[in-house]
Amino acid sequence: MTSSVLSRAAALDDRLDRHWPVADTLLRRLYGGTPGPDHWPNRWLDRWLDHWLGQVREAVTRAARNRPQALADLDTRRQAEPDWFQRPDQLGYCFYVDRFAGTLAGVRRRLDYLAELGVTYLHPLPLLAMQSGDNDGGFAVADYRSVEPRLGTAEDLRALAEDAHQAGMALCLDVVCNHTARDHAWAQAALVGDPTYRAYYHVLDSADEVAAYEATLGQVFPKTAPGNFTPEPSLARDGGGAWVWTTFYPYQWDLNYANPAVFLEMLEVLLHLANQGVDVFRLDSTPFLWKAPGTSCRGLPQTHWIVQAWRALLAIAAPGVLLKGEAIVDPDDVVSFFGRDEATGQPAANECHLAYNNGMMTALWLAQATGDATPAHALLDRLAGRPRQAAWITYVRCHDDIIWDALAALIPQETLHRVSAFYAGATAGSYALGAAFQADGGGAPSTNGMAASLVGLRPEGHPGEADTDAALARLLQLYQVTLALDGLPVLYMGDEVALTNAPVASVPAGEGRWLHRPHMDWDRAAQRGGGTAAGMFRAALRRLIQVRAGLPALHGAEPARPLAGLPGGVLGFQRTGSRPLLCLANLMGETVTVSLPTGFAGRDVVAEEDVDPAALPLGPWQTRWIEVRS
Ligand code: GLC
C-alpha cells in the first residue's frame with residue numbers, strides 16, 4: 001500500500017470516529033422502536049436495527065473508498081477552508097439546461113461565459129431522468145442514477161463536474177428527495193402489487209383517513225393539483241380503496257421516510273451523485289419529508305433528524321460536499337434547517353450548510369412595491385440567529401413563483417394581496433408585467449415573471465409607456481442589495497442581461513411558472529457596453545460582482561444587521577468585518593438625503609467617491625455600498 005492510500009484510510013477512520021456516532025444516534029431515534037410497516041418484523045426490531053445500521057455504515061464506507069482521487073483532493077482542500085462557500089468571491093448561477101444551452105455538453109461550452117461573469121457555483125435545475133410528459137420541470141424523477149436522455153448522459157454529467165472544478169466552480173444538483181415520479185421503478189413495482197415498494201410510499205386505505213390528514217395540511221398547488229392525495233386503485237388491498245400521498249402533482253408520489261429502506265435508498269443516491277462530482281445537494285422540498293397525523297407535516301423534528309443524519313454520513317464519505325435546504329416556510333422555521341444543538345436548543349451548524357433566504361427575497365420585492373423598508377428590516381433581525389458557519393442562498397428570482405404568503409407571519413394579508421396585485425400589473429401606477437399564480441385558502445396569489453419584467457422592463461415592440469432607466473435601476477437595486485446580504489448570491493439565468501418573460505403563448509395553461517423559464521437570449525448576451533439595456537445592465541452587474549469579491553465585510557459568516565434611524569423608504573443594513581460596510585437603498589423614485597449615524601464616514605466603493613455622512617443623497621432607486629472609515 002502506498003502512503004497516500006494509508007493516509008486516506010486513516011482519514012476515513014477519523015471521520016467515522018467523529019461522525020458515525022451522530023448518525024447512529026439519530027437513526028436509532030428515528031427507526032428504533034417505531035412500529036414499522038407490516039412487511040418488516042417488529043419482533044426482531046433491535047437485532048434488525050443493528051443489522052440495518054451495519055448496512056448504512058457499509059454503504060458510506062464503500063462510497064468513501066470509491067471516491068475518485070480528484071474529488072478526495074477537493075474534499076481535503078475544502079476541509080482546510082471550510083468557509084469557502086461564504087467568501088465574497090462566490091457567485092452562483094441557476095438555469096435549466098435545455099433553456100440555457102440545450103444539453104450538458106452545451107453547458108460545458110458556455111462555462112467561459114459564466115466564468116467571465118464571475119460564476120463559481122453552477123446550479124443546473126433538475127437533469128436526472130424524468131417522468132415522460134408532464135414532470136414539473138424535472139422535479140418528478142424517474143431514475144436518480146441516469147441523466148435525462150434529452151440533456152445528455154451520465155458521462156456528460158461527470159465531464160461537466162470535471163470542467164466546472166477545473167474552472168474553480170462547484171456543481172449543485174437537485175435531489176428530489178421528498179417524492180419520486182409515478183414513472184419511477186419503485187412506484188411501478190408498487191402498482192403491480194409488490195408490497196416492499198408499496199411501503200416506500202404513503203398509501204392510505206380509506207377516504208376517512210384522507211380527510212383526517214387533509215384537515216391539517218396546506219396545499220401547494222390548490223388550483224392545478226388540489227388536495228394532497230391521489231386515488232390509485234391498483235394499490236388497493238383486500239378490496240379497499242387506495243390513495244397515495246402526493247403533496248405536489250398527482251404524478252409525484254411522496255416517499256415514506258418512516259420506512260428505513262427509503263432512508264437508505266436516498267442515502268445511496270446522494271453517495272452515488274457525490275462520487276460523480278456533485279458538490280452541493282439541493283434537497284428539494286426539505287420540510288415535507290416526515291408525516292404525522294394532526295400536523296401540517298412541514299418541518300417536523302424527524303425531518304430535521306433525517307437531514308442531520310445525511311449530513312453526518314456525507315461528512316464521512318464526501319466531506320467536501322454541502323447540503324442546501326429548500327424550505328419555503330415561515331422565516332423562523334427556515335433558520336431551523338441549519339440545525340440545532342439538541343441539548344441547548346440553540347442554533348448549531350449540524351444540518352444544512354446552505355438554505356434559501358426566501359424571506360428576504362420576498363421582502364425586497366415587497367419593499368420596492370410599497371416603498372417601505374420596515375418589513376425587510378424586521379426580517380433581518382429575525383434571520384440573524386443563523387449559525388455563523390452556515391450561509392444563506394441569497395437571490396432575486398428563481399424558477400419558482402414568488403410566494404407572498406411565506407411572509408404571512410410578518411405582513412398583514414391586505415398588504416400581501418396589494419403587492420400581489422401590483423406585480424400582476426393590476427393596480428394603478430404599477431409598472432410590473434408579472435402574472436398572479438395560485439394561492440392557498442384565500443392567501444395572496446403568488447407571482448410569476450422574470451425579474452426584468454417585474455421591474456417594468458418592456459420587451460421590444462411591447463405597447464405602452466416604458467421607462468427603461470427606472471426599470472433597470474430597480475433591477476440593479478435588487479441585485480446590489482442581494483449581493484450585499486450575508487450569503488452566497490445566486491443569479492437566475494438571463495437576469496444578467498435583463499431578460500424579460502417567456503412569450504405568453506409558450507406558457508402551458510395551469511403552469512404559469514414557465515413565464516419565467518424562457519430560453520436564454522444569446523444575442524442579448526452578446527451585447528456589450530452602454531448602447532443597449534442588456535449591455536448596460538450586464539456591465540453594471542459585473543462591476544458589482546467584481547467589487548464585491550474584494551470586500552471582506554461581505555464574507556457570509558456574520559449576519560447583516562439593519563440600520564436604525566433611516567427614512568421608511570430607505571433600506572439599510574450593516575456588514576461587519578475588518579472594513580465594515582453599509583448598504584443603503586432608496587426604494588423610491590425620488591431623491592432622498594439621509595444622515596448617517598455619527599461615526600459613519602466613508603467611501604462609496606461602487607461609485608468610487610467619498611461621501612458626506614451628514615447629508616448623503618440617494619437618487620431614485622439608487623443603492624450605495626459604503627465602506628466605513630474609522
Ligand atoms: C420545489 C421546486 C419546485 C417543485 C417542487 C416539487 O419547490 O423548486 O419547482 O415544483 O419542489 O418538486
Side-chain angles (χ1 to χ4, degrees), residues 92 94-99 123-131 133-142 144 148 172-184 187 201 217-228 230 244-255 257 266 269 280-289 297-299 303 307 323-329 333-334 337 352 354-359 361-362 393 395-403 405-406 437-440 446-450 490 492-493 502 507-508 510-517:
C94 179
F95 56 94
Y96 276 104
V97 171
D98 55 350
R99 307 263 142 167
H123 176 196
L125 284 152
L127 51 77
L128 300 178
M130 48 192 85
Q131 163 125 344
D134 281 349
N135 53 41
D136 189 14
F139 286 97
V141 177
Y144 295 96
E148 169 65 14
C172 168
L173 213 66
D174 291 87
V175 171
V176 186
C177 49
N178 175 66
H179 43 265
T180 73
R182 190 179 186 276
D183 270 6
H184 192 285
Y201 299 95
L217 294 175
Q219 298 202 45
V220 179
F221 299 131
K223 295 248 167 66
T224 43
N228 289 276
T230 302
V244 68
W245 199 309
T246 52
T247 300
F248 297 89
Y249 284 108
Y251 52 80
Q252 288 165 307
W253 289 19
D254 287 40
L255 284 162
Y257 279 91
M266 203 50 77
V269 167
V280 180
F281 290 117
R282 174 186 180 276
L283 300 175
D284 185 62
S285 314
T286 324
F288 296 88
L289 300 183
C297 297
R298 297 192 189 190
T303 293
V307 181
L323 293 182
K324 171 165 74 166
E326 190 240 351
I328 312 304
V329 290
D333 295 335
V334 181
F337 284 89
C352 294
L354 294 161
Y356 285 91
N357 197 338
N358 175 70
M361 180 276 288
T362 312
I393 291 290
Y395 61 119
V396 172
R397 281 300 284 120
C398 72
H399 68 290
D400 283 329
D401 41 315
I402 304 176
I403 303 174
D405 257 10
F437 194 47
Q438 36 204 341
D440 187 5
S446 58
T447 293
N448 287 322
M450 288 294 282
V490 177
Y492 185 56
M493 186 208 84
V507 178
E511 237 318 352
R513 290 179 297 174
W514 290 93
L515 190 62
H516 49 262
R517 298 170 183 177

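Numbering of ligands and ligand atoms starts at 1, following listing order. Only heavy atoms go into these numbers, but all of them, side chains included; no hydrogens, no water, no symmetry mates. Bear in mind the structure is a predicted one, so any value in this text is a computation, not a measurement.
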When you check the side-chain N and O atoms of S446 and D401, is any donor under 3.5 Å from an acceptor?
-> yes
Indicate whether any N or O donor in one side chain lies under 3.5 Å from an N or O acceptor in the other, for H516 and D400.
-> no
Provide, line by line, the atom pairs where ligand 1 and the protein bring an N/O atom each to a distance under 3.5 Å; else say none.
unit_1: ligand 1; atom_1: 7 (O); unit_2: E326; atom_2: OE1; d: 3.3
unit_1: ligand 1; atom_1: 7 (O); unit_2: E326; atom_2: OE2; d: 2.8
unit_1: ligand 1; atom_1: 8 (O); unit_2: R282; atom_2: NH2; d: 2.8
unit_1: ligand 1; atom_1: 8 (O); unit_2: H399; atom_2: NE2; d: 2.8
unit_1: ligand 1; atom_1: 8 (O); unit_2: D400; atom_2: OD2; d: 2.4
unit_1: ligand 1; atom_1: 9 (O); unit_2: H399; atom_2: NE2; d: 3.0
unit_1: ligand 1; atom_1: 9 (O); unit_2: D400; atom_2: OD1; d: 2.7
unit_1: ligand 1; atom_1: 9 (O); unit_2: D400; atom_2: OD2; d: 3.4
unit_1: ligand 1; atom_1: 9 (O); unit_2: R513; atom_2: NH1; d: 3.2
unit_1: ligand 1; atom_1: 10 (O); unit_2: D136; atom_2: OD1; d: 3.0
unit_1: ligand 1; atom_1: 10 (O); unit_2: D136; atom_2: OD2; d: 2.6
unit_1: ligand 1; atom_1: 10 (O); unit_2: R513; atom_2: NH1; d: 3.1
unit_1: ligand 1; atom_1: 10 (O); unit_2: R513; atom_2: NH2; d: 3.4
unit_1: ligand 1; atom_1: 11 (O); unit_2: D284; atom_2: OD1; d: 2.9
unit_1: ligand 1; atom_1: 11 (O); unit_2: D284; atom_2: OD2; d: 3.1
unit_1: ligand 1; atom_1: 11 (O); unit_2: S285; atom_2: OG; d: 3.1
unit_1: ligand 1; atom_1: 12 (O); unit_2: H179; atom_2: NE2; d: 3.0
unit_1: ligand 1; atom_1: 12 (O); unit_2: D284; atom_2: OD2; d: 2.8

Parallel under 30°, tilted from 30 to 60°, perpendicular over 60°: which one fits the rings of Y356 and Y395?
->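 Correct class here is perpendicular.
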Distance-only, no hydrogens or angles: does the Q219 side chain make a donor-acceptor pair with backbone N or O of G227 under 3.5 Å?
-> yes
Quick one: closest heavy-atom pair of T224 and G510, and the distance?
->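 Result for this residue pair: CG2-O, 3.0 Å.
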In Å and rounded to the nearest 0.5 Å, what is the CZ to OH distance from F288 to Y257?
->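 Rounded to the nearest 0.5 Å, the CZ-OH separation comes to 13.5 Å.
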